[in-house]
Peer 1: 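Here you go, one structure.
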Amino acid sequence: MAAELTSTKLNAENHLLLDQPLLKLPYELSRRNFKSVQRLVEREKDYTLPALKDTANASLSNTQTPDQTIAALDAMISRMQGLKRKMEGLHQEEKKIHDQSRKRIHHLESLHHIPSLADVKYDQWSRVRLDRLIVDHMLRSGYTESAQQLAKEKDIEDLVDLNVFVQCQRIAESLRRGETKDALQWCSENKAALKRSQVRPSVRLILPSHLHSRLAPSIEDQRQRLTRHVQYNLEFELRLQQYIEIIRTGDRTKYVDAMNHAKKYLTPYIDTQSAEIHRAAGLLAFPRDTKAEPYKSLYAPERWSRLSELFVRTHHELLSLPSRPLLHIALSAGLSALKTPACHSAYTSSSSNSLSTTTSVCPICSTELNELSRSLPYAHHTKSYVENDPIVLPNGRVYGQHRLLELSKKVGCVEAGKVKDPTTGEVFDESEMKKVYIM
């Protein structure tokens with residue numbers, strides 16, 4: 001049987017643990033948008049102010065004609081108009097992100113006004129959340145059109161990240177087709193963010209004072225090396241794949257292009273990817289149909305699928321998105337909360353036994369979810385509900401003696417002095433029942 005529900009009081013904070021990405025992504029998008037504005041302003045300022053100063057000085061010193069001065073001013077005005085158009089586009093994007101954040105905050109805030117799990121408003125809120133999780137799962141699985149249609153029908157377009165996942169899937173699909181252009185463009189657009197990204201360890205080591213001075217520098221050094229590896233891994237692998245494709249042609253006249261490509265794009269990673277770069281250099285001596293490793297693996301078409309998966313991981317990490325669908329996380333938590341040792345008993349479940357006199361309503365015991373939940377931890381019970389007169393039958397099942405005898409009488413299909421297991425349908429003598437003492 002499933003774990004008991006001991007309280008209907010709603011704990012909003014625990015519910016919202018799963019919904020952190022709902023607010024994190026708009027924050028990341030807003031931060032990126034602000035950085036784009038900052039870069040544009042800095043770039044135009046670095047051009048316009050010196051150009052304006054030079055034009056003014058040239059005009060005052062009569063080193064250029066009035067027509068040249070007007071032409072220079074027209075060029076600066078044209079650049080400022082271009083900046084204005086770009087700023088207007090970024091401003092509209094900022095407004096869209098803020099509107100989206102406002103609706104998401106309102107959605108999460110409404111949970112704090114629901115006092116009980118039994119409240120009808122909680123059912124409505126949970127339905128919206130389930131729709132969000134399903135859309136998220138569909139987007140991650142590549143069913144973008146279906147996800148967009150569902151989000152539109154449920155009016156939750158501002159509560160799901162349609163555009164972000166559509167762009168991610170488009171680039172991932174281009175990599176599976178053997179194209180690196182879109183992925184490299186994405187790396188270029190997010191170069192600053194990729195450089196700033198750090199590996200955030202899931203466990204922080206708190207060392208005793210007498211060990212901290214000796215071990216902390218070593219741990220920090222290892223972390224920084226790992227950080228550099230993760231930072232540049234995606235772009236390096238994309239550039240390496242371009243190099244491999246040049247070699248794959250078998251045209252020796254292009255080998256010079258391959259070496260120039262390696263000098264320009266691969267050698268900057270020599271500190272962190274030296275082994276890969278050495279293998280790439282050896283690729284020049286092996287044809288594409290070679291059986292020798294590791295060159296056979298470098299030529300393997302499966303590298304494109306791995307590149308696609310690497311891009312998705314990097315994309316999600318950069319935008320603070322969980323690597324797994326939220327639906328999987330929610331389902332795992334729910335299954336674990338319901339799971340008890342009885343759900344995976346070695347004896348047959350009542351839901352799959354035609355001789356059973358009871359019907360199990362436990363989801364974990366169902367055929368659909370029993371195997372899925374097998375590796376999950378059991379629910380944590382803080383209160384025992386074992387009956388006060390437990391006995392064990394020869395088949396190992398434990399019941400309350402009084403309730404078992406009453407049930408056997410009600411069934412009416414067993415002889416006197418016999419009892420029937422309500423789960424398996426087996427019949428035993430009352431003398432075979434053994435008293436159970438809980439220690």
Side-chain angles (χ1 to χ4, degrees), residues 5 8-33 92-173 312 315-316 318-338 361 363 366 368-369 372-373:
L5 181 65
T8 60
K9 183 179 179 180
L10 190 150
N11 188 325
E13 298 301 325
N14 288 342
H15 275 67
L16 296 182
L17 288 175
L18 188 64
D19 294 304
Q20 293 181 19
L22 197 64
L23 297 181
K24 278 188 176 180
L25 183 60
Y27 166 77
E28 292 293 338
L29 295 177
S30 180
R31 185 177 61 80
R32 289 174 57 189
N33 195 73
Q92 293 300 320
E93 181 67 21
E94 187 76 10
K95 288 179 62 178
K96 182 179 178 181
I97 294 172
H98 287 174
D99 290 341
Q100 189 180 66
S101 297
R102 188 179 300 109
K103 292 181 180 179
R104 294 185 178 200
I105 291 172
H106 176 73
H107 168 67
L108 298 179
E109 186 181 20
S110 63
L111 186 65
H112 289 80
H113 301 293
I114 303 174
S116 170
L117 295 170
D119 196 310
V120 65
K121 292 181 181 179
Y122 178 72
D123 291 339
Q124 297 170 354
W125 191 91
S126 298
R127 173 54 60 181
V128 173
R129 181 198 224 180
L130 178 59
D131 291 335
R132 287 196 297 105
L133 298 184
I134 292 175
V135 170
D136 174 81
H137 184 269
M138 294 171 72
L139 287 170
R140 290 170 180 269
S141 302
Y143 302 107
T144 54
E145 294 182 4
S146 299
Q148 290 172 334
Q149 184 66 26
L150 178 60
K152 184 177 181 180
E153 289 180 2
K154 300 297 184 179
D155 194 24
I156 57 172
E157 292 174 292
D158 288 319
L159 301 181
V160 291
D161 308 305
L162 293 171
N163 294 334
V164 171
F165 280 104
V166 167
Q167 181 196 39
C168 178
Q169 290 296 332
R170 177 178 60 81
I171 298 176
E173 183 60 33
V312 172
H315 174 273
H316 291 355
L318 194 65
L319 294 180
S320 300
L321 291 169
S323 58
R324 296 173 57 199
L326 292 175
L327 183 63
H328 290 184
I329 299 172
L331 187 60
S332 298
L335 291 176
S336 182
L338 295 172
V361 293
S366 67
E368 295 82 5
L369 298 177
L372 289 176
S373 60

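Atom set for the values below is all heavy atoms of this structure, side chains included, hydrogens, waters and symmetry mates excluded. These numbers were taken from a predicted model, which means no experiment stands behind them.
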Peer 1: Can you tell me how far apart CD (Q167) and OG1 (T144) are? Round to the nearest 0.5 Å.
Peer 2: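 Result: 13.0 Å between the selected atoms.
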Peer 1: So K96 and N163, side chain to side chain contact (heavy atoms under 4.5 Å, CB included) or not? Walk me through it.
Peer 2: CA-CA 12 Å; K96 182 179 178 181; N163 294 334; 3.1 Å; yes
Peer 1: Can you name the nearest heavy-atom pair linking L318 to E28, along with the distance?
Peer 2: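 Looking at all heavy atoms of both residues, the shortest contact is O-OE1, 3.9 Å.
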Peer 1: Looking only at heavy atoms, what is the nearest atom pair of P115 and D119, with distance?
Peer 2: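 What the structure gives for the nearest pair is CD-OD2, 3.7 Å.
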Peer 1: So, S141 side chain and Y143 main chain: donor-acceptor pair closer than 3.5 Å or not?
Peer 2: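 Absent.
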Peer 1: Working to the nearest 0.5 angstrom, can you tell me the gap between K24 NZ and L319 CG?
Peer 2: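 Rounded to the nearest 0.5 Å, the NZ-CG separation comes to 12.0 Å.
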Peer 1: What's the shortest heavy-atom distance between R104 and V160, and which atoms?
Peer 2: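 Closest approach of R104 to V160: NH2-O, 3.2 Å.
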Peer 1: Between D99 and R102, does any side-chain N to carboxylate O distance fall below 4.0 Å?
Peer 2: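 Yes.
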Peer 1: Please round to the nearest 0.5 Å and tell me the distance separating atom CD of E13 and atom NE2 of H112.
Peer 2: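 Going from CD on E13 over to NE2 on H112, the span is 4.5 Å.
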Peer 1: Using 0.5 Å steps for rounding, measure from the CG atom of L23 to the OG atom of S101.
Peer 2: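 Interatomic distance, L23 CG to S101 OG, rounded to 0.5 Å: 7.0 Å.
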Peer 1: Let me confirm one number: the CD-CD distance from E94 to Q92, rounded to the nearest 0.5 Å.
Peer 2: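 The distance works out to 11.0 Å.
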Peer 1: Just wondering, do D131 and R127 contact through their side chains at under 4.5 Å, heavy atoms?
Peer 2: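 Yes, their side chains come closer than 4.5 Å.
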Peer 1: Could you please spell out the steps behind the salt bridge (charged side-chain N to carboxylate O under 4.0 Å, His left out) verdict for R140 and D136?
Peer 2: CA-CA 6 Å; R140 290 170 180 269; D136 174 81; 3.1 Å; yes
Peer 1: Any chance you could measure L130, atom CG, to D123, atom CG, to the nearest 0.5 Å?
Peer 2: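 Answer for the CG-CG pair, L130 versus D123, is 12.0 Å.
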Peer 1: Backbone N or O of S332 within a donor-acceptor pair of the S336 side chain at under 3.5 Å?
Peer 2: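 Side chain of S336 to backbone of S332: no pair is present.
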Peer 1: Are there over 12 heavy-atom neighbours, none belonging to H328, within less than 6.0 Å of that residue's NE2?
Peer 2: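 Counting neighbours around NE2 of H328, more than 12 heavy atoms of other residues, nucleotides or ligands fall under 6.0 Å, so yes.
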Peer 1: Quick check: closest heavy atoms across H316 and P322, and the distance to 0.1 Å?
Peer 2: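 Distance-wise, the nearest heavy atoms are CD2-O, 4.0 Å.
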Peer 1: W125 vs H107 aromatic rings, parallel, tilted or perpendicular, using cut-offs 30° and 60°?
Peer 2: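 Correct class here is parallel.
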Peer 1: Considering non-hydrogen atoms only, spot the tightest contact between H315 and V164 and give its length.
Peer 2: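 Where H315 meets V164 most closely, the heavy atoms are CE1-CG1, 3.5 Å.
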Peer 1: Which atom names give the shortest non-hydrogen contact between P26 and P21, and what distance separates them?
Peer 2: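 Closest approach of P26 to P21: CD-O, 4.3 Å.
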Peer 1: Given side chains that start at C-beta, do those of D161 and L139 come closer than 4.5 Å, heavy atoms only?
Peer 2: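 D161 does not reach L139 side chain to side chain.
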Peer 1: Does any pair with a residue in residues 147-160 pass side-chain hydrogen bond (donor to acceptor under 3.5 Å, both in side chains), and if so which ones, sequence neighbours excluded?
Peer 2: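 side-chain hydrogen bond (donor to acceptor under 3.5 Å, both in side chains) check on residues 147-160 returns K103-D158, Q149-E153.
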Peer 1: If you define the side chain from C-beta out and look only at heavy atoms, does anything of Y27 sit under 4.5 Å from I97?
Peer 2: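 When only atoms from C-beta onward are counted, I97 and Y27 do not touch, as no gap falls below 4.5 Å.
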Peer 1: Taking the side chain as every heavy atom from C-beta outward, state whether R170 and E173 have any atom pair closer than 4.5 Å.
Peer 2: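 Not in contact.
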